[in-house]
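Okay, structure first, notes after.
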Amino acid sequence: MVRDGQAALAVRAVSKSYGATVALEGVDLVLQPGEVHALLGENGAGKSTLVKILSGVVRPDGGAMTLAGSAFQPRTILDSRSHGVATAFQELSLLPNLTVAENLMMPRMPRGRTGLASASAARLAASEILRRYDLARIDADETVSALSLADRQRLEIVRAMEHATRVLVLDEPTAALSEVEWLFGLIRQITARGVAVLYISHRLAEVRALCSRATVLRNGRSIATVDLAGASDADIFEMMVGRAVRNEKAPRPLRDSAAPASLAVAGLAGGQLKEVSFTLRQGEVLAVAALEGQGQRDLFRILAGLARPAAGSIHIDGKPTVLRNPQGALKAGRGIAYVPEERKTEGILSSLTAAGNITLPVAGRISRGGLVWSGLEAKAAASVAGSVDLAARYLSFPIADLSGGNQQKALLARTLLTGAQTLLLFDPTRGVDVGTKQSIYAAIRRFADAGGSVLFYSSELPEVTDLADRCMVLYGGRIFAEFHGEDLEEQRLVGALVGHAAVPKGMPRKAGLETGS
Amino acid sequence: MSVSEPKGAAFQASADLRRGGGISRETTNAIIVFGLSILLILGSRFVSPALGSWSQVLTVLMLASFLIVLSFGQGLVILVGGLDLSIPAVITLGGVLATGWAGGGGDWYVLPAILAICGLVGAFNGFGVTVLKIPPFIMTMATSIILASAALGYTSGTPRGASPAAMTALMKTTWVGIPVVVYFVLLFVLAGWLLQSRTVFGRKLYAIGANDQAARVAGVAIGPVTTQAYVVSAICAGFVGMMLVGYANGATLRMGDNYLLPSIAAVVIGGSSILGGRGSFIGTVGGAVLLTTLGTVIAAIGLEQGWRTVIEGGIIVAALFFMREEFFARLRRPKRS
Amino acid sequence: MSASAVQPLERNGGGRKSNWVRALTSGAAIVTLLYVVLYALYALWEPRALSSYTFTNLINNAAPLAIAAAGETLVVLSRGFDLSVAGVVSLTNVFMAVWPMEGPGGALISLLGCCAIGAVVGTVNGWLVAVLRLQTIAATLGTMIVCQGLALVILDAPGGMVADWVSYELTGTLFGVVPIAGLIIAAVALLWLVFLRTNTGIGIYAVGADEQAAMLSGVSVTRVRFAAFVGAGMLYGVAGFMLSAQTATGNPNAGAPFLMLVFAAVALGGTSLSGGRGGLIGSIVGAGCLMLLQKVLFSGGVSSFYTGIFQGFVLILAILFGRFMPRLFNAGAKK
Amino acid sequence: MMNWKRIRRATMLCTTAAVALAGLVGSAHAEDKKFKIYLSLSYSGNAWQSEAANIVKALAATPPYDKQVELIEVISGTDPQAQISAYESMIEAGADGIVTFPISSTALNRVIKRGCEQGVKFFTYDATVTEPCAYNVSYITAGFGENSAQALVNELGGKGKIFLSRGVPGNSVDKRHTDGAMHIFKQYPGIEIAAEYYSYWDDRTTQQETAKALAAHPDVDGIWAQAGEYGAIQALQDAGTKLVPMTGENSNGFRLALANPDMQAKGLKGVSAGSPPAQSGYAFKLLMEILTGKRELEATNIEYPLPWVPAASVKLCEGETFENGCNAFPDGKVPSSFVTEVFNPELLPELSLLSALEGKPTPGATIQPLPAEIVKAPNEPGINCQNCEPPADLYKLTKIQPTVSP
């Protein structure tokens with residue numbers, strides 16, 4: 001055991017309650033200088049609260065923290081930053097209406113000769129920072145809202161790194177990044193300077209690649225700090241979940257390729273989508289794999305009725321269909337339901353209960369005499385809650401009070417309850433913990449086995465290979481490659497994602513020449 | 001803008017353990033406003049011994065009836081994250097048409113027809129807000145200006161005629177010693193509460209107000225539903241115009257002017273979020289009753305108008321203070337050793 | 001507030017606009033274009049519109065609303081609504097009329113007094129909203145009513161006399177051509193440009209766009225909110241000062257007409273009522289447009305019974321126009 | 001880049017639209033030479049305002065004025081700035097005279113002075129301005145407050161609880177009336193003012209505010225009201241108890257009530273006095289006589305007589321005008337909110353009900369000359385002059401004498 005005095009950061013017996021709710025209780029955590037330390041735990045285990053305490057957003061009720069031996073009690077973000085502790089937040093703390101330069105300089109702009117904030121000085125300083133982090137292609141004058149989600153995440157990371165002289169906290173830094181080498185390189189550089197990194201991620205592969213030790217949180221307590229080399233995935237999962245998790249790949253029977261098509265798309269274009277044709281059959285789970293910004297978002301939004309295609313045709317259950325809006329999509333053929341990418345902005349209705357969220361699209365169906373009865377609502381919600389493994393007691397809670405994983409389960413339950421036979425799932429397990437992932441996978445498989453069709457996009461390749469019957473790789477707005485059966489394995493996918501794999505027949509070569517984002 | 005924050009998305013304590021603790025915030029709010037009203041009525045005995053009586057309660061309910069009906073509509077619009085500034089103009093429209101077309105007698109179908117016309121104004125608001133995407137504040141303000149001008153032109157400045165018989169009956173008769181309008185208000189409150197809290201329509205309004213993009217993804221037809229909220233608001237305002245005509249037996253073009261801010265205040269004091277997605281009609285009713293009670297008590301104190309106004313403003317701020325989230329959190333939080 | 005339900009497909013990187021296109025399609029530029037068009041119409045019907053006398057009148061007329069709208073913009077940008085504008089204008093107007101102070105020195109003291117009144121009200125608003133976290137529209141409704149009451153306490157009927165120096169010099173011209181009121185507006189605009197280049201100035205945009213993210217970026221949301229309300233209050237004070245110069249007398253209800261007009265001016269000036277986008281200069285010109293519109297309708301001989309119909313539709317059309325122009329340019333820039 | 005093309009196209013679009021609009025609306029100019037007279041209202045929408053405006057319109061359409069006058073009505077709203085702006089526009093448009101209901105007694109002074117310097121004649125009616133170059137035609141100085149207060153005191157026998165139903169807070173007319181009334185009430189220690197509230201000169205508001213006051217003081221003995229008085233009667237009726245003596249202004253409903261035996265039996269007594277819309281007609285005719293050279297008159301304050309109709313004097317009109325001393329119209333002919341004092345057989349014989357209701361001239365009528373004499377109003381600081389001394393007997397009673405001693 002190392003003494004706290006030598007540690008970059010030592011957290012001892014920190015606790016925090018919100019009203020009657022205990023978020024953290026007796027959490028211990030020690031980071032050594034130059035170490036990348038993983039913080040693991042399910043959603044709701046208290047990771048975010050700990051991050052907020054470290055960043056000075058929230059003050060703990062009890063416990064002590066020391067930074068390089070001296071007491072550390074940050075009271076604001078700036079306070080903690082001035083001590084060399086900086087955080088890249090999961091919910092991105094960038095201001096969409098300000099420029100890249102302003103965001104990077106926030107909250108204090110560099111001054112010009114007049115003593116006033118100078119746009120040119122900010123631009124210069126920002127460009128210099130961007131260059132150092134290998135992001136010179138981002139224009140410092142661009143407003144952040146014009147950047148892709150991945151670039152915003154990069155910016156968030158860069159900003160934290162700029163201020164982290166002692167401790168860098170990265171909360172789900174790869175949620176929107178499809179390639180991680182850039183980040184890993186930066187982390188190696190910064191740890192070489194002696195900065196400690198607290199790395200929070202649900203992707204165990206990443207964690208193993210980066211970190212030597214990990215601290216596991218469960219129900220607001222720190223369960224253990226383990227040497228990752230000496231712990232198997234199963235061990236870690238068990239610590240996180242408190243029970244053993246089975247994680248073998250279920251053998252999938254080969255799909256009947258003659259099953260009727262539930263969704264057929266031809267020549268679809270719009271936004272970044274150039275020309276996409278494919279068929280999704282009943283009982284099939286079809287994955288879309290792509291790097292950030294290859295048109296997958298447009299594809300899903302068009303199919304969900306949220307955006308209009310510029311060209312192309314959509315057949316649903318054999319009938320040509322024009323999708324005007326989501327309610328139209330729900331009614332088209334046997335129904336298309338969508339689980340959106342951004343839970344917070346497009347998913348949950350924060351002031352409603354979980355049950356209210358789940359039953360919203362079918363509120364008309366479950367009403368009696370024009371009125372919604374809470375009993376009927378609860379019954380309807382409970383009927384699907386089980387199939388996504390959502391505990392029934394959560395149904396009456398405001399959904400905003402649930403963890404991200406349970407929110408995601410509720411959203412999936414909502415699509416199931418609509419009775420739609422085609423599901424569009426955009427990154428359904430983003431920011432979701434291991435246990436929840438398994439529940440979601442199981443729900444998706446059950447749905448497909450019962451004859452439903454699923455089109456999903458995922459930023460995690462293991463998810464694609466585990467779950468999908470077939471996978472299309474989108475590149476430059478087109479379907480660049482397609483894999484199924486034996487071919488569906490990570491190595492091949494990785495190549496195709498960046499456009500470097502052996503080009504399948506009939507694909508124009510030039511697509512491979514364009515560089516990824 | 002490509003990413004917009006959901007309304008009122010606060011920092012979530014992402015612990016599944018956190019919970020509401022039995023009573024919802026809306027209920028507590030409503031209890032607080034009603035409690036304040038009752039306290040005010042009881043306390044007003046100190047101002048005048050005649051106050052605090054049953055007849056004062058009846059007077060308050062009768063005078064509050066206008067505000068209750070109005071703020072129901074305003075509340076629905078606020079629930080979807082909008083604001084209806086056209087209320088005064090629509091009140092006038094309802095009043096002017098009621099006296100002009102149905103004054104004294106008139107055919108029974110005239111009153112619904114007038115409400116339908118008011119509904120059209122609401123549809124116009126809804127059209128501007130949902131299709132043209134004009135901010136509700138501006139759209140309804142423009143409607144208000146247009147409508148006021150049209151009413152001025154239509155009447156050349158003087159509304160004619162008297163109250164329709166039905167409205168006079170509603171406002172002037174009593175049944176078992178209680179004004180008929182009080183029964184009406186009780187029924188209206190029940191119906192309004194059901195509509196807002198228990199119907200599919202109400203549910204959709206909450207959804208839109210909470211997060212319109214998410215509601216859209218969930219298959220809620222944002223445009224039509226939002227428009228309906230404006231239509232309901234306009235119909236309520238038009239009906240209040242007719243009630244006022246029944247009450248005072250005649251219309252003027254400025255009869256709605258003093259109702260705009262109270263209609264918003266009642267909703268907000270009742271605990272609704274001005275950003276939408278939160279609130280209950282019962283709370284709003286409490287807000288309307290509180291404001292009206294305040295009016296009767298203030299009318300009875302012998303202070304200069306200026307100071308009375310100061311007190312009125314102060315009480316509004318105080319009511320908001322008690323309605324704060326933090327205040328609730330403190331109420332709910334059990335004492336910890 | 002309302003929905004931007006239909007989102008354009010997200011642009012990733014491409015379609016970048018150059019700075020000058022951005023400037024030209026900003027709210028301020030569009031509303032300025034509107035102003036020019038309205039002025040052209042006015043001049044067409046009323047040749048005297050081009051005289052410096054008329055122009056001075058126009059500026060004098062618009063100055064109080066323009067400055068009040070400028071103040072409101074600060075609050076709106078930080079995602080709030082400030083109804084106290086009506087109260088502060090009434091209160092300062094009454095202050096000016098009940099305690100007139102002669103001469104340039106007196107005017108300066110009066111101005112400082114007005115600013116101080118505004119600052120106090122702004123501080124109360126800031127405390128209610130930023131510290132106690134009350135809803136802006138409701139909290140400022142309360143302070144507005146309190147201020148209106150205080151104005152009535154000080155002066156229970158229109159009357160009093162504003163100092164001659166204030167009412168003559170501030171409505172006059174410099175060198176016979178430059179309206180003094182215009183200079184004061186220009187000074188406000190200049191202060192804004194300076195303020196824009198302070199941390200708090202940028203912070204207002206940050207808070208208006210996303211309070212949460214702003215806080216996580218290290219912006220002190222409380223301080224920024226406070227600054228917005230105090231700054232707004234002071235500008236309302238200046239607006240009351242200018243109104244007093246123009247009417248030369250006190251009226252305890254003087255501020256009431258500002259309540260709705262400032263928001264119309266702000267929206268017309270291209271500031272998003274849901275915060276984070278827009279600017280103060282647009283609001284100033286927007287206020288000018290509202291005042292000019294009255295003149296245009298008058299000179300156009302529109303029957304008084306129907307001017308409201310025109311005003312309402314102009315408001316709607318102007319907002320649509322403001323939305324349509326950037327698209328026009330965007331389409332151009334993409335080719 | 002095609003930006004310039006875009007800009008040009010946009011600009012052209014705007015200009016075309018502007019020119020088209022100009023052609024559409026701007027054709028109303030350039031008639032043969034008539035007196036250009038503006039009727040400037042602050043707001044419109046209640047019976048009083050539109051009757052006053054209608055009277056001017058009717059007179060302007062009555063021969064020979066119909067050939068001599070181009071009358072343009074402008075309604076600028078309750079915002080003094082808007083009225084300032086409207087006056088400025090009128091001056092620029094070459095107005096000969098402006099007949100106006102000013103929104104503020106002081107805020108408009110500057111622009112009025114500027115107008116006077118350019119030769120524009122300003123005639124205010126009812127409400128006044130303190131700028132000395134304007135002509136104020138008003139009953140305000142005629143003592144509505146003190147006379148009606150004395151009448152109420154007389155009815156109450158010098159003691160009782162009363163309500164004051166006032167006008168608009170912060171308004172100078174309301175203040176003048178109330179000051180006058182308080183001057184009387186203060187002399188009677190037996191008079192207790194139980195409640196004082198603002199009713200905005202509106203029936204509906206009066207009714208609601210009176211209802212609130214009644215909740216606190218059901219034992220009220222009398223009501224002193226400004227315009228909106230009919231609402232107070234309705235509030236008393238709603239409360240279902242009794243009626244009490246009250247004074248108020250000139251609504252037809254109030255006069256009918258005063259004369260109604262049933263209501264008298266329940267306790268209603270009182271006087272109808274107050275603001276006559278006919279002032280506007282008098283102001284307009286004075287303006288025309290000056291413009292047409294029939295009269296020389298230095299700018300001054302002109303008093304319009306205070307109408308005074310106690311219950312016993314209420315007399316229904318058979319026809320369309322005030323004839324044979326009648327002063328109210330039967331129920332059904334006009335709404336209860338109709339302000340009856342629209343006629344003046346002496347000053348405005350040209351008018352009929354048609355004129356007051358619709359602004360149309362009386363068929364066959366021609367403009368009759370005004371009596372040569374005018375009644376000069378006393379100085380009242382803040383009302384019709386600034387920095388002036390009020391007469392010592394400012395609140396002297398003219399219509400009624402005290403019948404009870406304090």
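The basis for the numbers below is simple: all heavy atoms, side chains too, and nothing from hydrogens, waters or symmetry mates.
A248(B) and Q234(D) get closest at one heavy-atom pair: O-NE2, 3.1 Å. Taking both residues in full, the closest heavy atoms of A211(D) and T59(B) are given as O-CG2, 3.7 Å, listed atom of the first, atom of the second, then distance.
Within 6.0 Å of NZ on K186(D) lie no more than 12 heavy atoms contributed by other residues, nucleotides or ligands. Counting non-hydrogen atoms of other residues, nucleotides and ligands closer than 6.0 Å to NZ of K175(D) gives a total of 12 or fewer.
With a 4.5 angstrom heavy-atom cutoff, L63(B) touches chain D only via side-chain atoms. Contact annotation for Q49(D): neither backbone nor side-chain heavy atoms come within less than 4.5 Å of a heavy atom of chain B. Using a 4.5 Å cut-off between heavy atoms, A148(B) does not touch chain D at all. At a 4.5 Å heavy-atom cutoff, the contact between S336(D) and chain B is made by side-chain atoms alone.
No other option in D202(D), D203(D), L357(D), I193(D) has as many heavy-atom pairs under 4.5 Å with chain B as L357(D). Considering only heavy-atom pairs separated by less than 4.5 Å from chain B, the leading option among Y198(D), Y230(D), Y197(D) is Y198(D).
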### Task
Verify side chain to side chain contact (heavy atoms under 4.5 Å, CB included) between L244(B) and Q208(D), making sure each step is shown before the conclusion.
CA-CA 10 Å; L244(B) 283 168; Q208(D) 292 181 12; 3.4 Å; yes
### Query
Would Q237(D) and K172(B) count as a side chain to side chain contact (heavy atoms under 4.5 Å, CB included) if you check the C-alpha gap in whole Å, the side-chain angles of each, and the deciding distance to 0.1 Å?
CA-CA 9 Å; Q237(D) 286 176 323; K172(B) 294 283 181 190; 5.9 Å; no
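Separating the CG atom in N258(B) from the OH atom in Y200(D) is a distance of 6.0 Å, to the nearest 0.5 Å.
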